[in-house]
Amino acid sequence: MTFNDFNLHDDLLSGVEAMNYKQATPIQEQAIPKILAGKDLIACAQTGTGKTAAYLIPLLDRISHASHDHTSTLILVPTRELAKQIDDQVEGFAYFVSATSIAIYGGGKSENWDQQRRALTTGADIIIATPGRLIAHMQMGYVNFDKLDYLVLDEADKMLDMGFSDDILNIVRQLPAKRQTLLFSATMPNKIREFAKRILQEPDEIRLAVSKPAERVDQQFYLAFDRQKLPLLAHLMKQTAGVQSMVLFTSRKSNVNAIVRDLVRLGYGARGISSDSAQEDREVVLRDFKNKQFPILVATDVLSRGIDIDNLTHVVNFDIPRDAEDYIHRIGRTARAEATGTAITFISDQDQDRILRIERLLEHEVEKRAITEELGLGVAPVFNPKLYRGGGSRDKQRNKKGRRPGQPVQSAHAPKSLTSEAAPAQGDALPRGDKPVRSNKRRNKNRRPRPEKGDPVQPTGAPSAVQSPAGSETHP
DNA sequence: AAAAAAT
């Protein structure tokens, strides 16, 4: 199914084509007609499935047929970077439509506040906001949602996790009762269902295959104590033809700077991003990383969800994420669109429970390699097979194929061949010196329908077709 | 036990 099949407004279709969207993804195919029909909607879908376009395109279609004298759409998201990214995407889709949008989020310079205030006073068709800053503006009295038609809650499970429940209800209370509400969530626990009941009316429901990571992600697990992680990573990177674009996730923002420093000392171009960074730095660093200005971005889970980076070749889980779900989200940053990618995960001695939870979510085991000893880094942590047995009911999923559950454990001298049922691609794994890093065929060439405004930074020496995010925060 | 988000 292509976007021509949805009977979209011609001007919108021009923007969609200019963004190089042709074939609708499954969620787009399902969601677009329902949204166009005016139904409330609960959609269980991850980022990377084309979820954002699944709601932006039908909403922009409705908006392009309506008058532009009021704010018609409010989109709530968990992180600032996501708000900005969606705003950029609106800008692309709506280029030939006279719809305006603005991202509203905190943390920036005080000029940002004024800019946001002016935009909210003038009004924009679409507001994309993180809840806290929006409430701050709403309390000032100049935000007018009287004629709001559409409310989108994106990454709803994440927002609830982050304690935004009250803030969201507070905002929703100030919106017209007669509106169309769309809720997107990667998971659908009871908590979300209850929450949805309070905000949506007789919603349709779309459910896509549960959080399976893209099959094109080559997942590699390495056993390593904390002190072994950096030299192990250096070794793995040396084996590649050169790391082109890698996000390294750490679970503590306090680790970000130290890891950056270590990588720089090893000669790698690396920068860091976390909620501890100044907002200006967050934006510059992410923009420059997307523009391939430097190869390694060290990040907390602020970037685990939703952020699109073209041609990301590697994701490293320097630490295991606390939530198994976040593992799926993190590795989903790579192998987007048609690309392939590699996800390297370090497992320390404390991480066994978390790994079990991740594998339960993946519904398969992943080979755990131990190569620290052959690298002269000392013995690797032992992965205790008993944990695969002792767990009682939580191990029900395992052993479907009669495989012995304890098998992923291995000595440092037997790094290969373990429970490899789940990892067919592992033979071509990253630490093969003879295999060049994937070719990174560039997608979405000329994807943006017009030149950058603001102050786009072109990558030095890189072709200009590399997508860069918009340089300006607002375009009211 | 962490991160994120309003100042």
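This structure is a prediction, so every number in the text was calculated from the model and none was measured. Values below: every heavy atom of this structure, side chains too, minus hydrogens, waters and symmetry copies. Chain identifiers are assigned alphabetically (A, B, ...) following the order of the sequence lines, protein sequences preceding nucleic acid strands; residue numbering begins at 1 within each chain.
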query = What pairs of residues pass the ring pair (Phe, Tyr, Trp, His ring centres under 6.0 Å) test when at least one of them lies in residues 139-192 of chain A, not counting sequence neighbours?
reply = A/Tyr55-A/Phe184, A/His137-A/Tyr142

key: Aromatic contact, A/Phe289 with A/Phe294 (centres under 6.0 Å)   = yes

task = Show your reasoning for whether side chain to side chain contact (heavy atoms under 4.5 Å, CB included) applies to A/Lys229 and A/Asp319.
result = CA-CA 9 Å; A/Lys229 287 178 176 178; A/Asp319 308 309; 3.3 Å; yes

ask   = Looking across every strand, which nucleic acid part, if any, lies under 4.0 Å from A/Gly107 by heavy atom: base, sugar-phosphate, or nothing?
value = sugar-phosphate

request  = Supply the atom-to-atom distance A/Lys292 NZ to A/Asp310 CG, rounded to the nearest 0.5 angstrom.
outcome  = 6.5 Å

message = Using a strict threshold of under 4.0 Å (side-chain N to carboxylate O), is an ion pair present between A/Arg193 and A/Glu205?
response = yes

request  = Could you pull out all residues at least two apart from A/Lys253 that satisfy side-chain contact (heavy atoms from CB on, under 4.5 Å)?
outcome  = A/Ser274, A/Ser275, A/Asp276, A/Thr300

request  = Select base, sugar-phosphate, or nothing to describe what A/Arg354 touches, counting heavy atoms under 4.0 Å on all strands.
outcome  = base

ask   = With sugar-phosphate meaning primed atoms plus P, OP1 and OP2, does A/Arg252 contact a base, only sugar-phosphate, or nothing at under 4.0 Å between heavy atoms?
value = sugar-phosphate

task = Considering only heavy atoms of chain A and a distance under 4.0 Å, specify the first and last nucleotide of DNA chain B in 5' to 3' order that meet this criterion.
result = B/dA1 to B/dT7

message = Does A/Asp167 reach a base, just sugar-phosphate, or nothing at all? Heavy atoms under 4.0 Å.
response = nothing

